[in-house]
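Right, one structure below, let's go through it.
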There are 2 protein chains.
Amino acid sequence: MRVVKEAEERKEEILDVAEKLFGTKGFDNTSTGDILEEVGIARGTLYYHFKSKEEILDGVIDRMTEHMMAEAGKIARNQELPVLERLTKALLSFNVETPIGNEVVEQIHRPQNALMHQKIQETLLTGIDPIITELVEEGIRQGIFYTDYPAEVVEMTMLYANTAFDSIDTADLSPAELEKKIAGFIYNVERLLGTEKGSLQAALMKIFHRSET
Amino acid sequence: MRVVKEAEERKEEILDVAEKLFGTKGFDNTSTGDILEEVGIARGTLYYHFKSKEEILDGVIDRMTEHMMAEAGKIARNQELPVLERLTKALLSFNVETPIGNEVVEQIHRPQNALMHQKIQETLLTGIDPIITELVEEGIRQGIFYTDYPAEVVEMTMLYANTAFDSIDTADLSPAELEKKIAGFIYNVERLLGTEKGSLQAALMKIFHRSET
DNA sequence: TTTTGTCGACCGACTATCTGTCGGTTATTA
DNA sequence: TAATAACCGACAGATAGTCGGTCGACAAAA
């Protein structure tokens, strides 16, 4: 049976299925055949809308990150809240805001998904870091933080957080070890931002405990 | 023509070719057929020595990192040199010590090589970080550094350096931007290690300029 | 109202390529 | 000369991407 839909609608359908499958089975272990079958279309149709499997992955990631960045940007620009609170909320939005995306994030770090991980990392770095850096600079102007290199601090922090605190690396840590890793992270971020010991404790802890679900 | 060799020798031959090809064309773009052809053996022979293509990659990486770690370990244990010098030399050994490995490092960060990158990252993290951490702890005992979380500082620093200063990410930076990135990195490491501003300048600069070849 | 033409969406058989397997063969060594 | 380690290459199975052709909606012409 032949069903015709508008290109945009079909594309979304394909991305929906792809996102689910990539998240469940990983990118390498998901064949284009799996996608075809679940969407209910023929090979030719898939390749009519996307020119390669990798382009589908790009599509999935773009959709995810666009959503996350829009959310984070909105929070960051809300001048009514204090900087520290905006910072916390913006960071939180990455962990919880996307209920579908989360499944994906869970799977990102399996070896087979290295490509996916790297692509997300790249997108986040160019999309989110500027937003966070902006906030840090505002904090500097307000005297909350102090550093000569806000952009570099953010890059270092985000990059580390994004790969060090993933589900695989943290899975084989005891609760105590994880606690220490988090404590060390907070300690280090405080040093990087030139704030007093303990000043970020409360704000950053919120992030980790929320993300543990 | 049939040539028989001892398993170890054949394995090395295969790894030599694989290392070269993975470095040149990337892991995904190198087929097992390419390897067979260049080594001059049949399919069956390859799979007699390695049970999968991924195991070949693991073999290549293991060989590389073993060499690097042995070198770094030797330097770190040389009690005659001051800590700071040992630290510098140990870090230097990763960049220059392996003339073959370097080609690979050049290619690691292309998207197709995400898997390779991740595997190296993982091995370095479990193999090299302890060596460096040991040095940092010695520095702390000597009063050169100060931090409550030496292992976490090292993990953060190594992980960041390893992905932020790769050939792809730095390729599209202007010399001035790269300079700033390096300066920011040094500034941040000094803060993390609790040393005075400028105290690591000389030592760390040596690393970056040596690695630029 | 009916016919015809256009074009975007869709189909599925086919190709090319690749990884891993297996039964059988050759060289070496005890 | 018998056992075994190393080797061979045809083959199976899977997968990504291609291509010529089809279908259906919609609009213009009859």
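Below, read A as the first sequence line, B as the second, and so on, with proteins coming before strands; counting in each chain starts at 1. Values reported hereafter were calculated over all heavy atoms of this structure, with side chains retained and with hydrogens, waters and symmetry mates removed.
- Residues satisfying the ring-ring contact (aromatic ring centres under 6.0 Å, His included) test with A:Tyr187, not counting sequence neighbours, are B:Tyr149.
- The side-chain contact (heavy atoms from CB on, under 4.5 Å) search around A:Glu37 returns none, not counting sequence neighbours.
- In this structure, A:Ile41 places its CD1 atom 19 Å from P of D:dC23, rounding to the nearest Å.
- The side chain of B:Thr45 places an N or O atom within less than 4.0 Å of a non-bridging phosphate oxygen (OP1 or OP2) of D:dC8.
- Residues passing the side-chain contact (heavy atoms from CB on, under 4.5 Å) test with B:Asp129 are B:Leu125, B:Val154, B:Glu155, B:Met158, sequence neighbours excluded.
- The side chain of B:Tyr48 places an N or O atom within less than 4.0 Å of a non-bridging phosphate oxygen (OP1 or OP2) of D:dA6.
- By the side-chain contact (heavy atoms from CB on, under 4.5 Å) test, B:Thr157 pairs with A:Met156, B:Val153, B:Phe185, B:Val189, B:Leu192, sequence neighbours left out.
- You'll find that the side chain of B:Ala42 is closest to D:dG9, out of C:dA9, D:dG9, C:dC11.
- Nearest-nucleotide positions on DNA chain D for A:Lys53 and B:His49 put B:His49 closer to the 5' end.
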Under 3.5 Å, which protein N or O atoms sit close to an N or O of nucleotides 22-25 of chain C? Give each pair with its distance.
unit_1 : atom_1 : unit_2 : atom_2 : d
C:dT25 : O2     : B:Arg2 : NH2    : 2.9

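- Between B:Lys119 and B:Glu54, at least one side-chain N (NZ, or NE/NH1/NH2) sits under 4.0 Å from a carboxylate O, which counts as a salt bridge.
- In this structure, the CD1 atom of B:Ile14 is 11 Å from the P atom of D:dA6, given to the nearest Å.
- Summarising the geometry, the separation between CG on A:Leu36 and C1' on D:dG17 is reported as 11 Å, rounded to the nearest angstrom.
- Computed from coordinates, the B:Lys11 NZ to D:dA5 P distance equals 14 Å when rounded to whole Å.
- A:Leu46 comes within 4.0 angstrom of nothing in the nucleic acid, heavy atoms only.
- Taking atom NZ on A:Lys25 and atom P on D:dA14, their separation rounds to 13 Å, with Å as the unit.
- Counting to the nearest Å, the C1' atom of C:dT28 and the CD atom of B:Glu9 are 15 Å from each other.
- With rounding to whole Å, A:Leu57 atom CG is found 15 Å from D:dA16 atom C1'.
- A 4.5 Å side-chain heavy-atom check between B:Glu19 and B:Arg63 finds at least one atom pair inside the cut-off.
- In terms of the side-chain contact (heavy atoms from CB on, under 4.5 Å) criterion, residue partners of B:Tyr47 (sequence neighbours excluded) are, by chain and number, B:Thr32, B:Arg43.
- Note: CG (A:Leu21) to P (D:dT15) measures 13 Å, nearest angstrom.
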